[in-house]
Amino acid sequence: VSTQSTGDHVVGLHMRLALEELFYAYRVNLHLSGHYHSYERICSVISGDCLNPGKSTTYVVNGAAGKFLDPQEYEPYPWSEYQNCEVYGFQRITANSTHMNIQFIK
């Protein structure tokens with residue numbers, strides 16, 4: 001559901017239409033993906049509306065290790081909670097039987 005460029009935005013909208021109901025029906029809390037040369041975290045969202053965490057799927061897109069490959073800036077969307085296209089970084093995930101912690105490391 002990347003918000004970065006017109007082409008990716010259109011692809012993201014089609015993916016959302018195809019997958020969002022399935023994610024909601026099967027109670028998918030988190031969708032992790034890579035592709036874009038930056039980092040973005042999107043709120044727990046359904047039909048473009050942010051819900052309380054845990055009520056729908058939260059999306060994280062991370063490709064900041066390839067930041068230099070694409071200088072494009074983000075477009076502001078209301079569901080985007082955090083965006084970073086300024087620095088290189090990676091994602092660190094730690095988990096146990098009850099919690100998951102996701103960090104964007106610059």
Side-chain angles (χ1 to χ4, degrees):
V1 186
S2 176
T3 61
Q4 291 208 5
S5 73
T6 303
D8 283 348
H9 180 67
V10 170
V11 170
L13 289 176
H14 286 285
M15 287 182 66
R16 190 183 88 200
L17 290 172
L19 298 174
E20 188 172 66
E21 288 184 30
L22 286 172
F23 286 173
Y24 188 76
Y26 289 98
R27 300 174 61 183
V28 175
N29 295 105
L30 180 64
H31 178 269
L32 299 172
S33 63
H35 157 62
Y36 225 87
H37 308 296
S38 52
Y39 177 91
E40 182 174 22
R41 184 180 68 248
I42 298 168
C43 68
S44 184
V45 64
I46 193 159
S47 299
D49 296 320
C50 292
L51 304 177
N52 290 331
K55 300 295 182 187
S56 65
T57 306
T58 298
Y59 297 84
V60 177
V61 179
N62 190 3
K67 176 192 100 49
F68 73 94
L69 296 173
D70 195 345
Q72 186 164 344
E73 297 294 324
Y74 277 100
E75 295 179 34
Y77 287 95
W79 52 79
S80 189
E81 290 186 323
Y82 181 79
Q83 304 168 337
N84 188 314
C85 56
E86 301 296 320
V87 300
Y88 293 101
F90 65 94
Q91 196 159 282
R92 178 186 296 151
I93 301 172
T94 56
N96 61 32
S97 61
T98 61
H99 292 82
M100 178 183 285
N101 183 34
I102 301 174
Q103 296 172 288
F104 176 60
I105 308 298
K106 299 176 187 178

Colleague: I need the Phe23 CZ to Leu30 CG distance, nearest 0.5 Å.
Modeller: 10.0 Å
Colleague: For Glu20 and Val45, work out which heavy atoms get closest and say how close.
Modeller: OE2-O, 3.8 Å
Colleague: Just to verify, what does Ser56 make a side-chain hydrogen bond (donor to acceptor under 3.5 Å, both in side chains) with, not counting sequence neighbours?
Modeller: Ser44
Colleague: Do Met15 and Tyr24 share a hydrophobic cluster, counting only Ile, Leu, Val, Met, Phe, Trp and Tyr and linking them when any side-chain heavy atoms are less than 4.5 Å apart?
Modeller: no
Colleague: Tell me the salt bridge (charged side-chain N to carboxylate O under 4.0 Å, His left out) pairs involving residues 41-53, sequence neighbours left out?
Modeller: Arg41-Glu81
Colleague: Are Phe90 and Tyr59 connected in the hydrophobic side-chain network, where two residues link if heavy atoms are under 4.5 Å apart?
Modeller: no
Colleague: Checking the side chain of Thr57 only, and the main-chain atoms of Val28 only, is there a donor and an acceptor separated by less than 3.5 Å?
Modeller: yes
Colleague: Going from CG on Asn84 to CD on Glu40, what distance comes out if it is rounded to the nearest 0.5 angstrom?
Modeller: 11.0 Å
Colleague: Throw together a table of side-chain donor-acceptor distances under 3.5 angstrom for residues 98-106, partners on residues two or more places apart or in other chains.
Modeller:
unit_1, atom_1, unit_2, atom_2, d
Thr98, OG1, Asn96, OD1, 3.2

Colleague: Does Lys55 have any side-chain contact (heavy atoms from CB on, under 4.5 Å) partners at least two apart in sequence or in another chain, and if so, which?
Modeller: Leu51, Asn52
Colleague: If you compare all heavy atoms of Pro78 against all heavy atoms of Cys50, which two are closest, and at what distance to 0.1 Å?
Modeller: O-SG, 4.1 Å
